[in-house]
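Notes follow the structure.
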Amino acid sequence: MTIGLVKNLVNGEFVDARSGTTLDVSDPATNGEIIGQVPAMGPEDLDEVFRAAVEGAKTWKATGHLERGRILLHTASLIREHAEELIATIVTEMGKTRAEATGEVGKSAEFFEYYGGLARLPFGEYLPDARPGTFASQIREPIGVVLLITPWNDPLLTPARKLAPALLAGNAVVLKPASETPIIALKLAEILHEAGLPAGVLGTVTGRGADIGQKLTSHQGLRAVSFTGSTEIGIQLQKELAGTGIRVQTEMGGKNAAVVLEDADLDAAIPTIIAGAFAQAGQRCTATSRLIVQRSVETEVRSKLVAAMAGLKVASGSTPGASLGPVVSKKAQQQIQAHISTAVGQGAEIIATTPLGEEQRQTGAFVEPTLLGISPDLDIWRDEVFGPVLAMTVVDTVEEAINAVNDSAYGLSSAVFTKDLGQAFAFINSVDTGQVSVNQPTTGWDIHHPFGGFKDSGSPFKEQGLEALGFYTRIKTAAIRTQ
Ligand code: NAP
């Protein structure tokens with residue numbers, strides 16, 4: 001699939017970078033085949049983007065919730081209308097399987113449906129006031145211009161998850177997608193434009209974060225930044241923005257653990273764990289990357305995992321029946337392989353791999369799904385791999401299992417497999433993760449479930465559901481003397 005040049009949306013027009021330079025985008029299932037280009041914007045392009053956004057924020061606030069909701073609902077229906085093109089773009093640009101990309105497109109439409117439908121929510125409250133003849137209220141209003149910085153692993157879903165609540169709340173948005181997968185984000189901008197979003201309400205900026213990040217986050221008109229990506233860049237942003245009054249929401253890395261207790265239904269647990277660890281080639285912030293097993297069931301868990309991994313099919317995303325596609329790039333492939341080699345060098349046991357076919361060994365950024373047996377003193381117990389690698393360790397008691405889950409700088413998601421309701425509640429109560437499941441994977445949260453991690457995985461602000469509106473709005477308290 002060749003897509004060609006896709007331009008940025010600035011002030012209602014589709015534009016190139018002033019320098020005329022572009023970034024190449026390649027298909028990770030090939031040996032670097034270029035599928036398209038986007039403008040390589042530099043710092044010199046950004047004043048115009050923010051000038052338009054500051055004006056766009058005024059227009060959009062005045063537009064009112066019901067019309068904003070209508071445009072979001074129209075966006076959702078256009079996403080569904082263009083689903084085939086969007087699915088093919090995600091498969092080609094990012095490497096997901098068709099089934100995964102189909103899920104991503106459907107869920108992205110749901111974000112716009114959900115927040116479009118919330119346009120009739122109350123956005124304020126009446127407040128009693130002791131002063132005679134005085135009517136007081138609190139009004140939830142937009143904050144102005146918000147910057148959204150998104151990663152490559154859910155290249156349509158993450159922009160949709162942030163854009164839909166930001167726009168419903170009445171903010172103008174500057175969207176900076178990842179340079180590995182910018183095309184699909186620009187296609188979403190085209191759809192929002194077609195749905196009737198006024199000029200300036202959305203500006204897109206493609207270009208290397210390292211070159212334009214500083215200028216993006218220091219712009220005078222900016223009121224909030226919602227970032228999803230690595231912990232390294234997220235914490236850098238928190239530090240850069242400290243003391244500026246600009247709100248920062250950071251959804252960052254994870255080292256998510258699933259626990260298998262001895263009473264678990266293993267026939268149900270094992271396929272759930274396999275999907276949580278290896279779907280999307282392990283490139284989900286919520287992917288299961290640590291497995292903690294109670295010793296009495298270790299042998300059975302091992303043999304069932306080995307059998308399940310033999311049934312995985314690693315192939316390009318467009319191959320029918322593929323369980324997982326390539327990782328996003330050759331660079332990511334090398335980094336993941338280096339994590340595996342380091343772990344083995346430090347004493348990890350390779351329990352199982354799913355071997356690649358000859359074609360996948362020769363072509364594309366494929367990585368063998370790998371199950372390692374480790375002890376918690378290895379680097380791979382702590383370091384995020386962001387690939388199809390599951391590291392398993394063994395404990396004796398439930399308490400040890402909970403301590404092992406919490407033995408991480410990250411705190412995004414965790415899961416426990418058990419039939420004991422008491423153990424399940426104790427687990428929910430004790431783990432230090434923002435998302436927690438019982439007999440479900442660490443992945444797979446719905447659009448209205450508040451989403452976000454604790455510790456080095458997140459920030460005080462949750463995304464999704466009604467919680468997201470808290471980040472994108474501010475409360476104004478008003479009192480009117482009527483007599
Ligand atoms: P990344 O390298 O941190 O990049 C994320 C975004 O930040 C990209 O758009 C990137 O642009 C931009 N960026 C890079 N340097 C910047 C700077 N100095 N200033 C401003 N922006 C900058 O992360 P990634 O490799 O794309 O994504 C993988 C990471 O995301 C993993 O750690 C994963 O766990 C995390 N993630 C977390 C969640 C969650 O909800 N918690 C969800 C998904 C992914 P360029 O692409 O141009 O460099």
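When a ligand or atom number is given, it counts from 1 through the structure's own listing order.
- Looking at Thr150 next to ligand 1, an N or O pair under 3.5 Å apart turns up.
- The side chain to side chain donor-acceptor pair (under 3.5 Å) analysis of residues 105-115, with sequence neighbours excluded, yields the pairs Arg80-Glu113.
- Each of the following atoms of ligand 1 lies closer than 4.0 Å to a heavy atom of Gly207: 47 (O).
- The option from Gln283, Gln214, Lys176 that lies nearest to atom 11 (O) of ligand 1, judged by heavy atoms, is Lys176.
- Contacts between Met252 and ligand 1, counted as non-hydrogen atom pairs separated by less than 4.0 Å, involve the backbone only.
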Give the C-alpha distance, both sets of side-chain angles, the deciding distance and a yes or no for side-chain contact (heavy atoms from CB on, under 4.5 Å) between Lys462 and Gln435. CA-CA 11 Å; Lys462 284 266 188 184; Gln435 315 295 127; 3.0 Å; yes

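- In terms of heavy atoms, Ala160 sits closest to Phe112 at CB-CE1, 3.7 Å.
- Proximity of Leu412 to ligand 1, defined as any heavy-atom pair under 4.0 Å, is confined to the side chain (atoms from C-beta onward).
- In this structure a side-chain-to-backbone donor-acceptor pair under 3.5 Å is missing from Gln238 to Val248.
- Note that atom 3 (O) of ligand 1 has protein non-hydrogen atoms nearby, at separations under 4.0 angstrom.
- Residue contacts with ligand 1, taken as heavy atom pairs separated by less than 4.0 Å, involve Glu384 solely via side-chain atoms from C-beta onward.
- Only side-chain heavy atoms of Asn153 come within less than 4.0 Å of ligand 1; its backbone N, CA, C and O stay farther off.
- The closest side-chain donor-acceptor pair between Thr288 and Thr442 falls under 3.5 angstrom.
- Counting atoms of ligand 1 from 1 in the listed order, those under 4.0 Å from a heavy atom of Ser179 are 45 (P), 46 (O), 47 (O).
- Pairs of residues two or more places apart, or lying in two chains, that qualify as side chain to side chain donor-acceptor pair (under 3.5 Å) and include a residue from residues 153-172 are Lys96-Asp154, Asp154-Gln280, Arg161-Gln464, Lys162-Ser226, Lys162-Thr228, Lys162-Glu463.
- Only the side chain of Ile233 comes within contact range of ligand 1, with a heavy atom under 4.0 Å; no backbone atom does.
- Note: an N/O pair closer than 3.5 Å links Gly209 and ligand 1 by distance alone.
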